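The block underneath contains the structure these notes are about, expressed in structure tokens.
Because the structure is predicted, anything quoted here is derived from the model rather than measured.
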Amino acid sequence: MATKKFKCKVCGYVHEGNEAPEKCPMCSAPKSEFEEITEADAAPKKKGIDTSSNVYTIIYAAVMVILVAFLLVFVSSTLKERQTANVINDTKAQILSALNIKDQADVAAAYASTIKADMLMQADGSLVPYDGEFCTGYSAEYDANRLHVFEAEVNGQTKYVIPMNGLGLWGVIWGYIALDEDRTTVDGVYFSHASETPGLGGEIAAPLFQSRFPGKIVTDNGKVALQVVKFGKADKNSPFQVDGVTGATITSTGVNNMINKVLTSYLPFLNAK
């Protein structure tokens with residue numbers, strides 16, 4: 001086994017063996033032109049991490065993951081306040097929309113000047129002020145029996161807005177119904193959804209469907225009487241019936257069930273006139 005290295009001083013050829021060759025196979029220089037390469041002559045080892053090693057790859061990947069995670073947390077915390085404000089403004093815009101107040105440049109200001117109180121209904125139908133943080137969803141509030149009633153003033157008249165939640169064909173639906181001071185005549189509504197079919201069930205969020213509610217009556221003889229029926233089946237002379245969405249019977253039924261379920265819970269307030 002070769003244990004030594006010899007370098008040709010003429011052309012730089014390196015020979016491995018026990019002794020130098022008689023002549024260089026590259027430039028034919030004689031044996032006398034070869035010199036032995038000792039360990040001191042060898043190139044020094046490169047210091048630092050071997051970037052081609054598995055250890056380096058694992059460390060590099062771990063550092064990058066930690067760095068990206070930190071950046072994501074930082075961006076999320078930085079934008080959280082703005083995102084929360086946007087969600088609150090959107091909820092307030094929905095409440096105002098039920099009162100037929102739409103497309104406001106300053107939603108927060110319009111809400112502050114219109115909504116006089118966020119109240120909670122008591123078992124006897126009376127209202128007490130809600131002193132918690134503004135809610136951006138009322139399904140959990142309803143399930144916890146915290147029944148919100150927004151008291152509003154529009155053109156000098158008192159209105160009441162009740163949040164609603166239910167299920168459509170593909171997912172959750174929600175909305176708000178605004179009532180006149182008599183607590184039974186509909187002033188306006190707002191409906192939205194998470195995943196109803198565009199052009200069909202999704203039309204519950206469209207002005208055409210929502211425009212069918214104003215002037216309708218919510219209760220009759222102490223019970224919820226407002227109904228959403230299959231499209232074309234509503235009695236035009238009925239103060240209680242509203243045509244559903246064309247081709248979206250299940251979603252329309254979901255809106256009807258939502259109205260009946262939620263407003264039944266509010267009967268103590270609706271009947272305390």
Side-chain angles (χ1 to χ4, degrees), residues 87-104 106-122 125-166 172-193 204-207 209-219 224-226 228 239-240 242 255-273:
V87 173
I88 290 175
N89 263 0
D90 183 60
T91 304
K92 290 180 177 180
Q94 294 178 25
I95 295 171
L96 291 174
S97 184
L99 292 162
N100 304 300
I101 302 173
K102 304 176 182 180
D103 303 323
Q104 296 296 301
D106 190 340
V107 172
Y111 180 90
S113 64
T114 303
I115 304 300
K116 302 306 178 183
D118 181 356
M119 314 286 280
L120 292 178
M121 188 195 81
Q122 303 301 289
S126 61
L127 301 177
V128 297
Y130 169 68
D131 57 4
E133 294 184 359
F134 182 82
C135 298
T136 56
Y138 292 90
S139 178
E141 291 292 282
Y142 179 86
D143 292 341
N145 201 36
R146 291 189 291 270
L147 305 182
H148 288 256
V149 177
F150 296 92
E151 185 176 329
E153 184 177 325
V154 181
N155 297 325
Q157 297 181 343
T158 299
K159 309 285 183 179
Y160 298 102
V161 181
I162 294 174
M164 301 181 293
N165 61 89
V172 296
I173 57 176
W174 67 91
Y176 301 87
I177 184 167
L179 305 175
D180 288 341
E181 191 170 5
D182 63 7
R183 306 187 187 189
T184 190
T185 304
V186 179
D187 180 61
V189 295
Y190 173 88
F191 298 116
S192 193
H193 62 91
I204 64 171
F209 175 63
Q210 296 178 16
S211 67
R212 298 169 184 166
F213 287 83
K216 294 297 182 179
I217 303 301
V218 168
T219 58
V224 176
L226 183 63
V228 177
F240 308 113
V242 175
V255 174
N256 180 70
N257 292 341
M258 174 176 69
I259 291 172
N260 188 274
K261 176 196 74 172
V262 174
L263 294 188
T264 295
S265 299
Y266 282 85
L267 281 176
F269 167 73
L270 299 177
N271 292 329
K273 302 174 184 176

Residues that Ser126 engages under side-chain hydrogen bond (donor to acceptor under 3.5 Å, both in side chains), provided they are two or more places apart: Asp124
message: My understanding is that only residues two or more places apart in sequence, or in another chain, count here; which of them pass ring pair (Phe, Tyr, Trp, His ring centres under 6.0 Å) with Tyr138?
response: His148, Phe150
- prompt: How would you list, by chain and number, every residue that makes a ring pair (Phe, Tyr, Trp, His ring centres under 6.0 Å) with Phe209, sequence neighbours excluded?
  reply: Phe191, Phe213
query: Just how far is it from atom CZ of Phe269 to atom CE of Met119, taken to the nearest 0.5 Å?
result: 9.0 Å
query: Closest heavy-atom contact between Leu263 and Ile162?
result: CD2-CD1, 4.1 Å
message: Just so I know, are the side chains of Ile177 and Leu226 near enough to count as touching, which here means a heavy-atom distance under 4.5 Å?
response: yes
message: Please check this pair: side chain of Thr219 against backbone of Thr184, looking for a donor-acceptor N/O pair closer than 3.5 Å.
response: no
- prompt: Roughly how far, to the nearest 0.5 Å, is the OG1 atom of Thr158 from the CG atom of Asp182?
  reply: 11.5 Å
field: Heavy-atom closest contact (Ser211 atom, Pro214 atom, distance)
entry: O-CD, 3.4 Å
field: For Asp90, all residues meeting side chain to side chain contact (heavy atoms under 4.5 Å, CB included), sequence neighbours excluded
entry: Gln94
Thr185 OG1 to Lys216 NZ distance, which is reported to the nearest 0.5 Å: 12.0 Å
query: Backbone N or O of Gln157 within a donor-acceptor pair of the Asn155 side chain at under 3.5 Å?
result: no
task: State, with a plain yes or no, whether a side-chain heavy atom of Val172 is found less than 4.5 Å away from one of Asn165.
output: no
query: Which atom names give the shortest non-hydrogen contact between Met258 and Gly166, and what distance separates them?
result: SD-N, 3.5 Å
- request: Return each pair, listed once, that meets salt bridge (charged side-chain N to carboxylate O under 4.0 Å, His left out) where at least one residue sits in residues 143-152; pairs must be two or more places apart or across chains.
  value: Glu141-Arg146
- request: For Asp103, check side chain to side chain contact (heavy atoms under 4.5 Å, CB included) against everything at least two apart and list the hits.
  value: none
field: By ring pair (Phe, Tyr, Trp, His ring centres under 6.0 Å) - contacts of Phe134 (at least two apart)
entry: Tyr111
message: Tell me the closest heavy-atom pair linking Lys102 and Ser97, and the distance in Å.
response: CE-OG, 3.4 Å
message: Going by the rule side chain to side chain contact (heavy atoms under 4.5 Å, CB included), which residues pair with Gln104 if we only count those two or more places apart in sequence or in a different chain?
response: Ile101, Val107, Ala110
query: Which atom names give the shortest non-hydrogen contact between Ala205 and Ser192, and what distance separates them?
result: CB-CA, 4.3 Å
task: Mind checking side-chain hydrogen bond (donor to acceptor under 3.5 Å, both in side chains) for Asn256 and listing every partner two or more places apart, or none if nothing turns up?
output: none
message: Could you work out, with side chain to side chain contact (heavy atoms under 4.5 Å, CB included) as the rule, every residue matching Asp187, not counting sequence neighbours?
response: Leu99, Asn100, Lys159, Ala178, Asp180
message: So, using salt bridge (Lys or Arg N to Asp or Glu O under 4.0 Å) as the criterion, who are the partners of Asp118 when residues are at least two apart?
response: none
field: Contact check, side chains of Val186 and Leu179, non-hydrogen atoms, under 4.5 Å
entry: yes
message: side-chain contact (heavy atoms from CB on, under 4.5 Å) for Met164 and Val255? Distances and angles first, verdict last.
response: CA-CA 9 Å; Met164 301 181 293; Val255 174; over 6 Å; no
message: Determine whether Ser265 and Leu147 satisfy the following criterion, side-chain contact (heavy atoms from CB on, under 4.5 Å), listing intermediate values before the conclusion.
response: CA-CA 8 Å; Ser265 299; Leu147 305 182; 4.1 Å; yes
query: Are the side chain of Thr264 and the backbone of Asn260 linked by a donor-acceptor contact shorter than 3.5 Å?
result: yes
message: Quick check: do Tyr176 and Leu96 have side-chain heavy atoms less than 4.5 Å from each other?
response: no
message: Looking at every non-hydrogen atom in both residues, tell me the closest pair between Ile204 and Gln210 and how far apart they are.
response: O-NE2, 3.0 Å
task: Would you mind listing every salt bridge (charged side-chain N to carboxylate O under 4.0 Å, His left out) that reaches into residues 127-139, with sequence neighbours excluded?
output: none
field: Intermediate values then yes/no, side-chain contact (heavy atoms from CB on, under 4.5 Å), Leu120 and Gln122
entry: CA-CA 6 Å; Leu120 292 178; Gln122 303 301 289; 4.2 Å; yes
task: Kindly compute the distance separating OH (Tyr266) from CZ (Arg183), expressed to the nearest 0.5 Å.
output: 13.0 Å
